[in-house]
Amino acid sequence: AYNDRLVAQLAAALQKDGWRVRLTRQSGQEMALGQRPALANRLKADVFLSIHHDSAQLQFLEKKQTENGEVYEATRPIRGYSLFVSGQNPQFRNSYCLAESLGEEILALGRPPTLHHAEAVEGENRPLLHQRLGIYQYDGLAVLRKTAMPAVLLEAGVLVDRTDEAYVSNPHNQQALVEAVTRALRPWRERLARSLASQRLTPCEAAATLPEPEIKPEAKPEKPGKKP
């Protein structure tokens with residue numbers, strides 16, 4: 001429900017800003033992770049943005065009984081957004097540049113990233129490419145490594161943290177995030193228009209300073225965090 005609400009608002013905002021938006025699935029619809037990049041590739045999409053809400057490893061969670069049943073809650077503060085790119089994406093540098101644009105706009109809202117995905121614990125320990133902006137490298141994510149275009153996964157917030165869950169549930173904060181993402185993508189739409197003749201996305205101006213992907217042996221794909 002969190003993802004669907006945010007995606008519906010974002011899709012409307014992006015369309016109003018001049019993008020042609022295609023969702024990989026509709027609200028309540030299930031689609032395998034491998035089918036999502038396949039659809040984007042088939043449509044020859046210019047940019048792929050995967051929207052999620054985050055969790056944490058079980059060792060940092062405890063069960064709580066509520067009127068709606070059992071839920072998991074974090075035993076310590078784990079708050080903020082995070083961004084993921086894959087070194088196996090053929091447009092890694094452009095993916096990283098897009099993540100950087102998203103991070104700058106979200107950070108400008110006064111919203112810091114969560115850094116728990118970089119901790120040396122089982123299920124995490126992701127290479128942190130940009131600490132201030134919360135950009136991680138996660139090669140095994142199918143929606144990032146199998147897409148032919150620049151691709152970024154955004155975790156909008158951490159639902160198992162009560163404070164962060166309240167933040168992402170607030171309509172004002174949702175609208176602010178939608179506007180931030182729209183601003184971050186606007187230069188990409190303009191750059192695409194300028195490079196239409198070559199049918200190739202012009203690399204960002206800072207491409208020479210972007211990090212090289214940290215190459216690791218292929219691992220079994222998994223999600224950035226278990227969703228409750």
Side-chain angles (χ1 to χ4, degrees), residues 1-43 45-56 61 66-74 78-85 98-99 102-103 105-106 109 111 113-114 117 134 138 141-144 146-147 149-186 188-189 221-228:
Y2 292 90
N3 294 340
D4 291 341
R5 279 198 302 269
L6 183 59
V7 166
Q9 294 175 59
L10 180 58
L14 290 174
Q15 287 172 336
K16 186 176 180 181
D17 205 53
W19 287 93
R20 286 182 296 170
V21 179
R22 174 66 182 269
L23 303 182
T24 56
R25 66 173 188 83
Q26 301 300 318
S27 178
Q29 180 186 11
E30 293 295 328
M31 175 178 276
L33 291 177
Q35 293 179 310
R36 301 177 192 188
L39 174 62
N41 292 338
R42 199 160 56 243
L43 293 171
D46 296 308
V47 172
F48 185 93
L49 181 60
S50 186
I51 304 291
H52 295 266
H53 287 76
D54 212 350
S55 185
L61 303 177
T66 71
E67 60 182 15
N68 296 319
E70 282 189 338
V71 298
Y72 282 104
E73 283 189 8
I78 305 178
R79 300 166 189 161
Y81 74 92
S82 50
L83 296 157
F84 294 85
V85 294
L98 176 56
L102 289 163
E105 290 291 347
I106 298 172
L109 300 176
R111 177 103 168 119
T114 175
H117 292 300
Y138 197 160
L141 287 171
V143 293
L144 301 182
K146 292 185 177 181
T147 40
M149 67 292 302
V152 176
L153 185 146
L154 166 64
E155 295 280 9
V158 184
L159 296 181
V160 292
D161 182 289
R162 296 183 71 178
T163 300
D164 221 39
E165 193 274 339
Y167 180 95
V168 298
S169 298
N170 182 290
H172 172 77
N173 294 334
Q174 292 172 4
Q175 182 60 32
L177 179 59
V178 164
E179 292 173 1
V181 173
T182 302
R183 285 193 300 272
L185 285 169
R186 189 170 295 143
W188 286 76
R189 179 174 53 77
E222 54 182 321
K223 297 181 181 178
K226 295 182 178 180
K227 305 297 185 289

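- A ring-centre distance under 6.0 Å is not found for Tyr138 and His117.
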Asp164 vs Arg111, side-chain contact (heavy atoms from CB on, under 4.5 Å): CA-CA, chis, key distance, verdict
CA-CA 10 Å; Asp164 221 39; Arg111 177 103 168 119; 2.7 Å; yes
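- Taking CD1 from Ile51 and CD from Glu155, the interatomic distance works out to 9.5 Å, rounded to the nearest 0.5 Å.
- Using a 4.5 Å heavy-atom threshold, the side chains of Tyr81 and Leu177 count as separate.
- In terms of modelled atom types and a separation under 3.5 Å, the side chain of Asp161 and the main chain of Ile78 share a donor-acceptor contact.
- Interatomic distance, Leu185 CG to Trp19 CH2, rounded to the nearest 0.5 Å: 5.5 Å.
- Remark: Arg22 engages Leu39, Leu43 in a side chain to side chain contact (heavy atoms under 4.5 Å, CB included) (not counting sequence neighbours).
- Side-chain contact between Thr24 and Phe48 is present, with at least one heavy-atom pair separated by less than 4.5 Å.
- Taking the side chain to side chain donor-acceptor pair (under 3.5 Å) definition, one finds that Asn3 meets it with His53, sequence neighbours left out.
- The CG atom of Leu10 sits 11.0 Å away from atom CD of Glu179, with the distance rounded to the nearest 0.5 Å.
- When side chains are defined from C-beta on, Glu165 counts as touching Leu159, because their heavy atoms get closer than 4.5 Å.
- Looking at residues two or more places apart in sequence or on another chain, you find a side chain to side chain contact (heavy atoms under 4.5 Å, CB included) between Arg186 and Asp17, Thr182, Arg183, Arg189, Glu190.
- For the pairing with Arg79, the side-chain contact (heavy atoms from CB on, under 4.5 Å) check across Val158, Thr163, Thr114 returns one residue only, Thr163.
- Applying the salt bridge (charged side-chain N to carboxylate O under 4.0 Å, His left out) rule to pairs touching residues 168-178 yields nothing, sequence neighbours excluded.
- Scanning for side chain to side chain contact (heavy atoms under 4.5 Å, CB included) contacts around Ala184 gives Ser101, Leu102, Glu105, with sequence neighbours left out.
- With 3.5 Å as the limit, one finds no donor-acceptor pair spanning the side chains of Arg36 and Ser50.
- Between Gln174 atom CD and Gln9 atom CD the span is 5.0 Å, to the nearest 0.5 Å.
- Between Arg162 atom CZ and Ser169 atom OG the span is 12.0 Å, to the nearest 0.5 Å.
- When side chains are defined from C-beta on, Gln26 does not count as touching Asp4, because their heavy atoms never get closer than 4.5 Å.
- Expressed to the nearest 0.5 Å, how far CG of Leu98 lies from CG of Leu49 amounts to 7.0 Å.
- By the ring-ring contact (aromatic ring centres under 6.0 Å, His included) test, Tyr167 is found to be paired with no residue, residues two or more places apart in sequence or in another chain being considered.
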What verdict does the side-chain contact (heavy atoms from CB on, under 4.5 Å) test give for Val178 and Leu6, after you've listed the backbone C-alpha separation in whole Å, the side-chain angles of each residue and the deciding distance to 0.1 Å?
CA-CA 8 Å; Val178 164; Leu6 183 59; 3.8 Å; yes
